[in-house]
Every structure is written in C-alpha cells, then in structure tokens.
Amino acid sequence: MIEIQNISKKYGDKYAVKDATFTIKKGEILGFLGRNGAGKSTTMNIVTGYISATSGKVTVNGHDILEDPREAKRCIGYLPELPPLYMDMTVDEYLRFVCAIKDVKKSYVKTHLDDITELVRITDVRKRLIKNLSKGYKQRVGIAQALIGNPEVVILDEPTVGLDPRQIIEIRKLIKELGEDHTVVLSSHILHEVADVCERVVIINQGSIVAQDTLDNLTKNISETSRFRLRVAGPEREVQKLIRDVPGTRTVDQMGVKEADTFDFLVEADRNTDIRRPLFQSLAKAGYPMLMLRPMDIELEDIFLQLTNERGEE
Amino acid sequence: MLAIWKREVQNYFLTPIGYVFMGIFLLVGGIFFFLYNIMSASADLSTMFSNLSYLFMLAVPILTMKLLSEEKRNKSDQLLLTSPRSIWDIVLGKFLAACTVLLMTMAVTLVYVIVIAVYANDPIYGNSVNVGLIISNYLGFFLLGCGYIAIGTLMSALTENQVSAAVLTLGVNMLLQMIESILPQITLPDGLSFLNVGFSWLSMYTRFYQFAAGILSIANVIYYVSLCGIILFLAVRVIDKRRWSEG
C-alpha cells in the first residue's frame, strides 16, 4: 500500500528523521508511536507530500509521491496535528471546498457529505461557523476532511490531543470504525491508545525506527519472563521461601507493607510455566492466605521505555 | 484552481477585507472623479485613474497580505499541499481571486462612465466622450493592478506574517514605481548601460502611461501578462523550495 524506503529529513545538522524504512499494509490499522519530537509528524508530512525528504523514497499504491504526486495524494486522506480548517467558513462550506479540491464529482458531493458527516457525527453542526465549534468538533471536522474523496489510506496525526476523556473514547471508536474499510495510520505518543486501536506498531525514536511488529510479538520478544504482584498475610521470610520453592519461580522481591500484617512481593517466573496454581496451594497449605494476585504483564510502556532508552544510551 | 479561486473570492466578502478595500478605493475614486471630471468638466478619466493608481499601490497589500502567509501560519496550507492540486493551482487561484476583487471594484466605477456619457454630450460643443480612451484607461489600470497584485502574492509567499507581507509589498511596489523617476538621473558607464534596459523593463508605470494616453498596444498587454507570469512563477518556487528546506 505505502512503501517508505530509507527516508531522511535533515534540518541543519540534525536529522529529524533518519533512514526510516517501513511499509503500511492494505487494510491494517498501524500505530505510529514515538515521544514528542521523535519525528512522527515529520514522517507523516513526508508520506503525505507536504514536505520533501532529504533522501529516500515514498510510494503510495505504486505512485511516487514526488514524481506522480497527483495520483499518490489522491490515495491519502490526512489529518495533520493541527486540523487545517478555515475558521471563517461554515462546516458545510468548508467540506464542499475540500470536495472541490479533491475532485469529488459534483453529483456525488451531497451523498458523500451526508455519509461522512453522519459517520463522524457532525451532522448537527453543519451550518455553524467552524470558529465557533468546540475543540472536539473541530477535530471531527478535520477527520471528515481527511475522509473526503474516499482515500484508501487515512493518516491521523495525534487525533486525540487536547480532547476530554469522553471525546477521546469517541474518536478512538471512530478510528476503529474507519479501520473496517480503510487503511489507517494513527500517530500518537499515547501508548494505551495505540494498544487499544492498532494491530501493528511502528516505534520511532530520535528520528529512527526502533521497532515494527504486532503488539503480541513485541511483548513476547521483549522478555522471557512473566511477573506477578502478590499480597500475602504471613511472616515475611517463610512466605518468601515458600514462593521461591514453587517450580518455575526465578526471583522474589519484597515490595514492602501496603496493608497491616501483610507483605507484598514481586515474583518473576518463566513465561512458559504457570506458577499461579501451585503457588496458591502451597501458601494455602501453610495457612498464609493470599489476598491479592495480579499479573504484571510487560506493557507497551516497558517495551517503549526499553527501546527508547537503549537508543538513548548508545 | 477554480475551487481555490472561488473560496478566496468568497473569503474576501466573508471577512471585512473585501469591503474595506472596495470602500477605500471607491471613496477616494469618487473624490477624484468629482475633482478631476465633474469640477473641471472633463470627460477624460485618465487623470482620475493615474491618481487612483497611487492609491491602489497603497491599498494592494490589503488584498494580498494574507493570501499565502495566513495559510502557512494557520497550517491550512497542509490541506492544499496534500490535496491533488499543484502549487500552480493554489498560487494562480489566489492571484486571480485578488484580481477578481479589483475587477469588481472597477466595475462599480463604470457609473462614472455612465455619468460622463450622459452629461458630456453637450448640444453646443458636441460629444466629447472618447470611448477608446476610456477602454484603454480601464485596461491599463487593470493590468497595472494585476502587476501589483502579483508582487503582493509573491511577498505573501515569502513570509508567515501578514504585516511583513504588507510592508514588503508596499516597499517593492514603491521602488518599482520610483524606477521611472530615478533612472534618468543616473548615468551608468558604457559597459553597464544594459542595466538601464533591465530596470526600465521592471517599470510597470511606463506602460501604464501609454494606456492612459490611449495607446492600446498588444506588446504592452503581453508585457503585463508575462510579468505577472514570472512573478507568480517565483512565488511557486518559493513555496516549493520551502518543502525542501533544511533550515
């Protein structure tokens, strides 16, 4: 669908994006993850043809973004970080203008706009001036704008920034809906947003791609162990010994007292042995009730921190 | 291009800009008409137009200052540049929109022509209306105006700030206008006399006076059209260059 080959963008001596290579496959929802200033927006701007890369190549459906920009841009709907709206227009006027510059057939405009405004739920504000809309509505008008012309790929750059929690949930729901019949690229610095919506993730740090895989694989590869946090009512040393004796346990760390007469432990075990049942039985047999057992899965946060730190230390 | 042109013309009248421009232009134009035509009982509009051309030079930044600068500032240029439209479409659409507002304003001044047509037909002295002169004055003024607008468009492409764009436009347009009076004062060494030719080529006013005097020459029309073409080409290059910038 979209092939990004070795693109770099240099500003002065610094690389905003350095030698980035990845592909966006047809039909997927791809998460593009990175800290603020990691080069996400620059990459998105290059892919959409807003700016040009210093070197490298982007092809959209076989059309080179620099050599055949018209066809390439026709395949992409783009919502930049700041929605490109004209404040003095009404929503309807604005969307009609976008239809015109994106070559939507005149006879199709009405149905097309009805469908899109329905999908992003802005039908009730179509006659209002954009400058008078709330931030959440402006964002949706921005998404509507990206959907005009039925592009195959929709690229959304930080679509939930600055929205309230309710709006965030609605926009995420909308992105999932879009994913049903579009290829969607979601750029974000919010990890659980990407985890919630995306099937595959590309992680960028300091301008370089540091990982790209499905979420499952990323979590699997990062560590061979699984971790649990548990709270047991009983004497510290004995409990610790009991836990250590369960086959499969690797390390046990005391995590302090969070509740009177109990101790918290962090247990690390082999990923392929489930120690929960034997652990429960052994503690029960000794008469030390287990008050809490919480699996601490390796989360996207950990992957992210690990990957970005590794690069940072280099 | 048509869509961009249409939006831009609409925008002039959604915001006060179009009204401000037309208001100032027509107010001063009306005063000039009263002074030079009604009070002096003349059917020749060229004095009014040549005076209006100075006013237009001062007023053109109103039309052009935000054409491209504001898009950049608001980042709405991201919509245009990532749409299937070329940079030429964008620049040309905006330039023509400003020209359209100029044309609309000039259309209002046709009232003066009607006034002249009615009252300059004296039973004793005969008809003193010179249709050819009026047409060439209108055409000359419009072409000169387009030249100024092209400069304004280029300046607006150069900066993100409307005020800078306005000041730059004013400065460059004044400089171009002064060329005509400066050039004869300077004696260049023999080897550099070609500069004289180059600079006088830039003087939009020289051609305008020919129109004002009633000389309708195709060469002059082509001059203005190609001048606008070159200036707009530079504006397109400026925008394209920014996409490649590494600064």
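Given the structure is predicted, the values throughout are model-derived calculations rather than measurements. Below, read A as the first sequence line, B as the second, and so on, with proteins coming before strands; counting in each chain starts at 1.
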Taking NZ, NE, NH1 and NH2 as the nitrogens, is one of them in [X] or [Y] under 4.0 Å from a carboxylate oxygen of the other?
X     : Y      : answer
A/D68 : A/K73  : no
B/R85 : A/D103 : yes
B/K72 : B/E160 : no

Toward chain B, the part of [X] with a non-hydrogen atom under 4.5 Å:
X      : result
A/L66  : side chain
A/L85  : backbone
A/A146 : neither
A/K14  : neither
A/E71  : neither
A/P69  : neither

Heavy-atom pairs under 4.5 Å with chain B: which of [options] has the most?
options                    : answer
A/A16, A/S52, A/A100       : A/S52
A/I51, A/T48, A/I101       : A/I101
A/R96, A/E93, A/E81, A/M89 : A/M89

Please flag which part of [X] lies under 4.5 Å from any non-hydrogen atom of chain A: side chain, backbone, both or neither.
X     : answer
B/I4  : both
B/E71 : side chain
B/S83 : both
B/D89 : side chain

* Asked: Out of B/S86, B/A3, B/P84, which one racks up the most heavy-atom pairs below 4.5 Å with chain A?
  -> B/P84
* Structure fact -> Counting heavy-atom pairs under 4.5 Å with chain A, the top scorer among B/K6, B/K75, B/R7, B/M1 is B/R7
* To do: Determine, step by step, whether A/T160 and A/E193 satisfy the side chain to side chain donor-acceptor pair (under 3.5 Å) criterion, reporting the C-alpha distance in whole Å, the side-chain angles of both residues, the deciding distance to 0.1 Å, and the verdict.
  => CA-CA 9 Å; A/T160 57; A/E193 175 165 290; 2.6 Å; yes
* **Check: A/S187/A/D157 side-chain N/O donor and acceptor closer than 3.5 Å** => yes
* Asked: If you measure only the distance, is there a donor-acceptor pair under 3.5 Å linking the side chains of A/Y78 and A/N45?
  -> yes
* Angle class for the B/F33/B/Y112 ring planes (parallel below 30°, perpendicular above 60°, tilted otherwise)? -> parallel
* Asked: Should the ring pair B/F208 and B/Y205 be called parallel, tilted or perpendicular, given that the plane angle runs from 0 to 90° and is split at 30 and 60?
  -> perpendicular
* Within 45° cone and under 6.0 Å: B/R243 NZ/CZ vs A/Y50 ring -> no
* Begin from the C-alpha positions of A/F32 and A/F22 and carry the test ring pair (Phe, Tyr, Trp, His ring centres under 6.0 Å) through to its verdict. => CA-CA 11 Å; A/F32 195 58; A/F22 61 98; 5.3 Å; yes
